[in-house]
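The structure under discussion appears below in the form of structure tokens.
Model, not experiment: these values are computed from the prediction. Residue numbers count from 1 along this sequence.
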Amino acid sequence: MLITTLKKTASMALITGAMALAMNSFAQADPVADFYSGRTVTVVAPSGTGGSIYLYALLVSNQIGKHIPGQPDVVVESRTGGGGISGANYVNQIAPKDGTVIGELHPSSLLAPSFERTTATTQYNPTEFQWLGSAVARTYVGAAWHDVPVNSLEEMRNTPVRFGANGRGSGSYQNPTFMAHVTGAQLEIFTGYSSGGETNLAIERGEIQGRGNYYTGFLATNPDWIRDNKLKFVFKMGPDHPDLADVPAATDIVAATGNEEYMRMLKLLEAPLNVGQGFYVANEVPADRAKALREAFEAMVQDPEFLAQAETFGLEISPVSADVISDIMEDLASTPAGLANRLDQIISD
């Protein structure tokens, strides 16, 4: 009888131990890692392959996978059109919402949903995105080719200058157009270039005489232009850059007009620049996967391998956290519609 009781006790102990082990293993399982293991994540670049926007997406696609639980494969995909609107529409409306698609912000597309003129073509709301962070907040410049016989927007009041741009929805059109409106500069802006790289080639051919662009974009794609002083910078917008200490800031140029509404419009225009090359997932992506991707992005931008590859690409890194981007989104959401539409009338003229 005693032997039977001992056997039963031992059997119960084994069963209890096995159950405890199984429960502990279940508790330690990572459903996010299980999901991503063996899958492929796509980073959507909202531009052509010839410019720095694409290079930032390529950089992230090369580096973020090892920081995502389950270490999925990661690829980059280019979706051009509408100054980034097509890419954002795809991520928000068509792409899977399971965390396997990461969107890159084309800064030009950030304001499009705020404008009456473009609301019909936008199928996304950037204030509802789940933001992962930004690789860099980027200084924007108006740049004229070195042989243009003017050195400032003021001098362009009497001398027309031809700029190139992707489309009317792009920053390459909107930012110079706003500055020309404020100052009276005669900027003739020709649209239709499919990428920053194509626009730069048009400048070299003499087809146009300059463009609006990110300063770091020039550094990434045409560093010899900077080295050889082939560009004249007539204004800068957004976060400052140490190389541009002598370039007139848009805030100073606009403040000199004494027009408070112009200053509020400028703040709205600079919001995309202060976000920079932001990355996000759609609002419907499960919160645990969005959190894992955000943590992966934060780890990636501190990774020496990421920083080293950024340097080989000629890309500057100055990360902006998801929390800071969320604060910018709150300001954007509170912008009066009337102000946004009056700005749109100026920059879409």
Side-chain angles (χ1 to χ4, degrees), residues 22-47 53 56-79 84-107 109-110 112-113 122-136 272 275-303 306 319-333:
M23 292 178 65
N24 186 54
S25 297
F26 180 78
Q28 291 180 355
D30 184 347
V32 175
D34 288 345
F35 172 79
Y36 280 112
S37 180
R39 292 183 186 264
T40 297
V41 171
T42 300
V43 178
V44 175
S47 69
I53 290 176
Y56 277 103
L58 177 61
L59 174 65
V60 170
S61 72
N62 287 346
Q63 296 292 328
I64 197 170
K66 63 184 175 181
H67 298 286
I68 300 173
Q71 298 189 334
D73 292 331
V74 185
V75 298
V76 64
E77 178 180 310
S78 174
R79 288 188 173 267
I85 290 175
S86 295
N89 282 347
Y90 170 76
V91 173
N92 193 59
Q93 291 293 113
I94 301 171
K97 306 298 186 297
D98 58 0
T100 58
V101 175
I102 296 172
E104 179 191 21
L105 174 74
H106 192 309
S109 67
L110 181 64
T122 58
Q123 299 171 342
Y124 62 93
N125 182 347
T127 66
E128 296 177 354
F129 290 157
Q130 298 186 78
W131 290 93
L132 310 184
S134 172
V136 64
V275 172
Q277 291 314 133
F279 291 80
Y280 62 91
V281 293
N283 186 49
E284 296 86 351
V285 171
D288 58 342
R289 296 175 197 167
K291 179 175 181 289
L293 293 174
R294 184 166 56 252
E295 290 173 350
F297 190 92
E298 291 169 353
M300 177 194 67
V301 296
Q302 303 298 328
D303 187 337
F306 170 84
V320 181
S321 72
D323 289 340
V324 169
I325 296 175
S326 295
D327 290 341
I328 295 172
M329 292 303 106
E330 285 185 17
D331 286 342
L332 181 61

Closest non-hydrogen atom pair, [X] against [Y]:
X      : Y      : value
Ala112 : Thr122 : CB-CG2, 3.6 Å
His67  : Gln63  : CD2-O, 3.5 Å
Leu293 : Ile64  : O-CD1, 4.4 Å
Val43  : Phe279 : CG1-CE2, 3.9 Å
Val91  : Lys97  : O-CE, 3.5 Å
His106 : Pro46  : CD2-O, 3.3 Å

Look up atom [atom1] in [X] and atom [atom2] in [Y], then write down how far apart they are to the nearest 0.5 Å.
X      : Y      : atom1 : atom2 : answer
Asn62  : Leu58  : CG    : CG    : 4.5 Å
Glu104 : Tyr56  : CD    : OH    : 9.5 Å
Asp73  : Tyr36  : CG    : OH    : 13.5 Å
Arg289 : Ile68  : CZ    : CD1   : 12.5 Å
Ile325 : Leu105 : CD1   : CG    : 8.5 Å
Thr127 : Met329 : OG1   : CE    : 8.0 Å

Can you give each donor-acceptor pair under 3.5 Å made by side-chain atoms of residues 280-287, sequence neighbours left out, with the distance rounded to 0.1 Å?
none

Would you say the side-chain atoms of [X] pair up with the backbone N or O of [Y], donor to acceptor, closer than 3.5 Å?
X      : Y      : value
Arg79  : Val44  : no
Ser61  : Val74  : no
Thr100 : Val41  : no
Asn92  : Gln123 : yes
Trp131 : Pro126 : yes
Tyr124 : Ser109 : yes
Ser37  : Ala33  : no

Exercise. Taking the side chain as every heavy atom from C-beta outward, state whether Val320 and Val275 have any atom pair closer than 4.5 Å.
Key: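 The answer is no, as the side chains (C-beta and beyond) never meet within the 4.5 Å cut-off.
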Quiz item: Can you find a heavy atom in the side chain of Asp98 that is under 4.5 Å from one in the side chain of Phe35?
Solution: yes
Exercise. Only counting residues at least two apart or in another chain, list the ones meeting side chain to side chain contact (heavy atoms under 4.5 Å, CB included) with Pro107.
Key: Ile53, Tyr214, Pro272, Gln277
Self-check item: side chain to side chain contact (heavy atoms under 4.5 Å, CB included) partners of Ser321, counting only residues at least two apart
Solution: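 Result, side chain to side chain contact (heavy atoms under 4.5 Å, CB included) vs Ser321: Asp323, Val324.
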Quiz item: Yes or no on side-chain contact (heavy atoms from CB on, under 4.5 Å) for Glu77 and Tyr90, after CA distance, side-chain angles and deciding distance?
Solution: CA-CA 11 Å; Glu77 178 180 310; Tyr90 170 76; 4.2 Å; yes
Practice problem: May I ask you to say whether Lys66 pairs ionically with Asp303, meaning some side-chain N is under 4.0 Å from a carboxylate O? | Solution: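 The answer is yes: the pair qualifies as a salt bridge.
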